[in-house]
Amino acid sequence: MIVLNLPEIEKKWQKKWADTGLYKFDKNSDKPKKYVLEMFSYPSGANLHVGHWYNYGLTDVYARYSRMKGFNVFHPMGFDAFGLPAENYAIKTGIHPKDSTLKNIETMERQLKEMGASFDWDYEIKTCLPDYYKWTQWCFVQLYKRGLAYRANAPVNWCPKCNTVLANEQVVDGCCERCGTPVIRKHLTQWFFKITDYAEELLDGLDKLDWPEKTKLMQKNWIGKSTGSEIKFQVVGGGELSVFTTRADTLYGCTYVVISPEHELVDSLTTPEQKKAVEEYKLYAAKASEIDRLSTTREKTGVFTGSYAINPINGRKIPIWAADYVLASYGTGVVMAVPSHDERDFEFATKYGLPIERVVEKLREDQDDTLPFVEYDGKLVNSEGFNGLTVTEGKKAITEYLEKNGKGNFKTTYRLRDWLISRQRYWGAPIPIIHCPKCGDVVVPEEDLPVELPYDVDFTPDGTSPLAKHEGFMNCKCPKCGGDAKRDPDTMDTFVCSSWYFLRYPDNRDSEKAWDPEIINRMLPVDKYVGGAEHACMHLLYARFFTKAFRDMGYLNFDEPFTSLVHQGTILGPDGEKMSKSRGNVVSPDEYISKYGSDAFRMYLGFGFAYIEGGPWNDGGIRSISKYLDRVERLVDKVYSGKDENDPSKDSKELLFIKNRTIKAVDGDLDTFSFNTAIARLMEFTNALYRYTEGSYDIEVAKDCIRTLLLLLAPIAPHFSEELWERTGGEYSIFNQDFPKFDEKHLVMDEITYPLQVNGKLKDRFALPADYSEEQIREYVLDKYSDIFEGMEIVKLIIVPKRIVNAVIRPKK
RNA sequence: GCGGAUGUGGCGGAAUUGGCAGACGCGCUAGACUUAGGAUCUAGUGGGUAUCCGUGCAGGUUCAAGUCCUGUCAUCCGCACCA
């Protein structure tokens, strides 16, 4: 017997699949479409790692399964090719990001093909090429025209020694990862996308999505809707401060106001006497790293600005402090401090000797209302006409009172912030904006796109955006007035590239427009999106925002980009830690693939882990998969050898039951990415076939079961199944066959084995015809187990037909 | 600190959603075949000096709990004083 050599036959079938165009997407098919998409990958230098295989190999199982289930599957692949790593690599080695990236892409394309994944490469995209980023820039232009892109001051991480902007990832313990200098925050004028305009819809839309609940919860918390009140405080000596609060009921207890030290009004509020102290404090706050500043254990700090505000409810004069426990980016950047009913305010007031005055009392005796009393179960006191109201009533009444007097209103705020997209980097899509001394910010006309990224750029970090040093790039004419102007030297966040790539795939060669609405309205939304959970709040939210914004501009007609979402787990190193070069625990698939074949490798990934959990790598099981495939091959050859004795009278009932049960289970499991149980069921089916084919048996039945087994196995081990399918005389290709259907009539059991529990403990088992009624079961049990019930009182006899029998008994008195 | 998730044999993991815990596989033990075995096949395999105990731990609900509730511990992930 010749045992097939998987690595060899894999090459053969890959070639045949390519030659026959098996995975070419048929635009004109009348089957229902299914858009199956993995989050595209970043072309890093190394070979495909185990994580890629886990993501792409197993989603390919789903794509092939869907195809056999009768869908017209669209399964494209591309590369998220801009980004920091290529630029850092270039700084270190001098190899240009474009060269290294394109080379990496080539390697990955080859490896993905060797994986045997059913991508249609005709639809490939690479975000770093002008024919793609032209349209990324076009997206920017549309958002700009729609009023969804704006420029504002925003802080960046700045290393004073390297003179460069750092990504969060480059800040380690508050210091620059390269030189160890403490990082400070520096303000730059940067571009934002107004995602907050869509906060409400982004929140509402979650309900309709077939996404993991935890992901939806994370997005919900990230958007962070909060309903409360906006209250205006007059500043003594002129001006006004607006605060947001969820506790308007405590307004009488507000004894001071706190403003974020970065707030634009801080300077004007600071009196000459306090100027030095406030300036020092601002510096202190700017130096403190995010982590330090936001740590709970860190002592609250602040400084008096010298100014006072008027509490609008009682006309009281209260001091205005600046403190970094208030964030400029949330609410209005100003807080009304009620130390008696807020933990942070209490701590701060205690430290600085500010007044603490109770305005809420407990409602019930069992409550502990020591200050700070933050419970909502309370009633108002020391609040003049509002005394006696509950917290909820008080919020409403006080805000209504303020509203009547023009001093406040109800307000909803979101934790979600606008999306800062400017990056002071080279390797990204240039922002298509021209700064004209006369006309201001001018958007590049669409016919002038793309704004090409120049190749000959000095990207050593020296305090200036790399593009800013490139005269040829920077100098241009203003599209409005024709005068000398400068380009925006920044590039876009790579999340911009990945916020619309799924729209580009179906129409990736279009040179006239970003996408053809007619095509994408037909092809989108993505029916199954697969990728890591780490993108729950950023990428997945940005992509939803883009979809909604372009829908409102009339470029597409659906509300959500990804109908159904699956997160694959993470494969960790054998040590249980995240795989990383620095830890030295990276597992390369290459060796396993050349030894066992890509089918065995992907099948092991499916079998050895719960897909959405992932877990530490362990190669103990890969051999067993290889052995399993050998076992299937031996079975096929045995049944098709013509040497076994045919016995058409053999009882096939059990085998047919298992066959149909297996079809049903595998179908359901593949649909829900439960690859491990699907494979377990296939093994059981195989074991049953081995039992059946001992001695003589009905060869036709066995052959039929084997064809079913191969069809079920095909999505999981495509090359192997195609090879054996051919060996059984099956028509090319196995992937053009229908996924097997089960027949309910073989799943009907004549007999059920019941467990008998006595007082909840298993005592025995008995078999009864499946159609026995509860009453018949009762009679049978009382009769059969009369010895157990002898001298006992049967308190209850619980009978769940087709499930279980439980007798609750106790000794007779 | 807050939030989320997870916790089941020596190991990876199942468990029809409240109904026989440990499917399937690895590993291990014994045996068969064999010149040989990292091949193949067969049997066994949660623990326990066996009417018992077992899903991190302690309670609770229920005829019945891995599953629901309360508390608690551990690990991982996310977020960062959210007013």
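Convention: sequence-line order gives letters A, B, ...; per-chain numbering from 1.
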From [options], pick the nucleotide closest to the side chain of [X]?
{"X": "A/Tyr330", "options": "B/C24, B/A83, B/C63", "answer": "B/A83"}
{"X": "A/Arg634", "options": "B/C82, B/G19, B/C41", "answer": "B/C41"}
{"X": "A/Val808", "options": "B/U17, B/C63, B/G25", "answer": "B/C63"}
{"X": "A/Ser624", "options": "B/C63, B/C26, B/A83", "answer": "B/C26"}
{"X": "A/Ser226", "options": "B/G3, B/C24, B/A83", "answer": "B/A83"}
{"X": "A/Lys761", "options": "B/C53, B/C82, B/C24", "answer": "B/C53"}
{"X": "A/Thr246", "options": "B/C24, B/A83, B/G78", "answer": "B/A83"}

If you measure from the [atom1] atom in [N] to the same atom in [M], how many Å do you get, rounded?
{"N": "B/G56", "M": "B/U8", "atom1": "C1'", "answer": "10 Å"}
{"N": "B/A21", "M": "B/A65", "atom1": "C1'", "answer": "11 Å"}
{"N": "B/U62", "M": "B/G13", "atom1": "P", "answer": "36 Å"}
{"N": "B/G71", "M": "B/U67", "atom1": "P", "answer": "16 Å"}
{"N": "B/C57", "M": "B/G10", "atom1": "P", "answer": "13 Å"}

If we call it a pair only when both distances are under 3.5 Å in a Watson-Crick or G-U wobble match, what pairs with [N]?
{"N": "B/G27", "result": "B/U45"}
{"N": "B/U51", "result": "none"}
{"N": "B/U62", "result": "none"}

Name the nucleic acid region contacted by [X], choosing base, sugar-phosphate or nothing; use a 4.0 angstrom heavy-atom cut-off, strictly under.
{"X": "A/Val800", "value": "base"}
{"X": "A/Leu217", "value": "sugar-phosphate"}
{"X": "A/Asn687", "value": "sugar-phosphate"}
{"X": "A/Thr413", "value": "nothing"}
{"X": "A/Phe607", "value": "base"}
{"X": "A/Gly532", "value": "nothing"}

At less than 4.0 Å, is any side-chain N or O atom of [X] found next to OP1 or OP2 of [N]? Yes or no.
{"X": "A/Lys627", "N": "B/A39", "result": "yes"}
{"X": "A/Arg415", "N": "B/C79", "result": "no"}
{"X": "A/Asn806", "N": "B/U62", "result": "no"}

Using heavy-atom distances to pick each residue's nearest nucleotide on RNA chain B, tell me which of A/Lys595 and A/Asn618 is more 5'.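 It is A/Asn618, whose closest nucleotide lies nearer the 5' terminus.
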Report the residue (A/Glu684 or A/Lys214) whose heavy-atom-nearest nucleotide on RNA chain B is the more 5′ of the two.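 By nearest-heavy-atom nucleotide position, the 5'-most residue is A/Lys214.
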Please check this pair: side chain of [X] against backbone of [Y], looking for a donor-acceptor N/O pair closer than 3.5 Å.
{"X": "A/Arg681", "Y": "A/Thr662", "value": "no"}
{"X": "A/Lys216", "Y": "A/Leu209", "value": "yes"}
{"X": "A/His341", "Y": "A/Phe373", "value": "yes"}
{"X": "A/Lys232", "Y": "A/Asn409", "value": "no"}

Do A/Arg602 and A/Trp53 form a cation-pi contact, if we require the NZ or CZ to be under 6.0 Å from the six-membered ring centre and within 45 degrees of the ring's axis?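 No, A/Arg602 does not lie over the aromatic ring of A/Trp53.
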Would you find more than 12 non-hydrogen atoms of other residues, nucleotides or ligands less than 6.0 Å from A/Ile612 atom CD1?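 No - once you tally the heavy atoms of other residues, nucleotides and ligands closer than 6.0 Å, there are 12 at most.
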Can you check whether any acceptor in the base of B/A23 is under 3.5 Å from a donor in the side chain of A/Arg681, or vice versa?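 Yes, a donor-acceptor pair under 3.5 Å.
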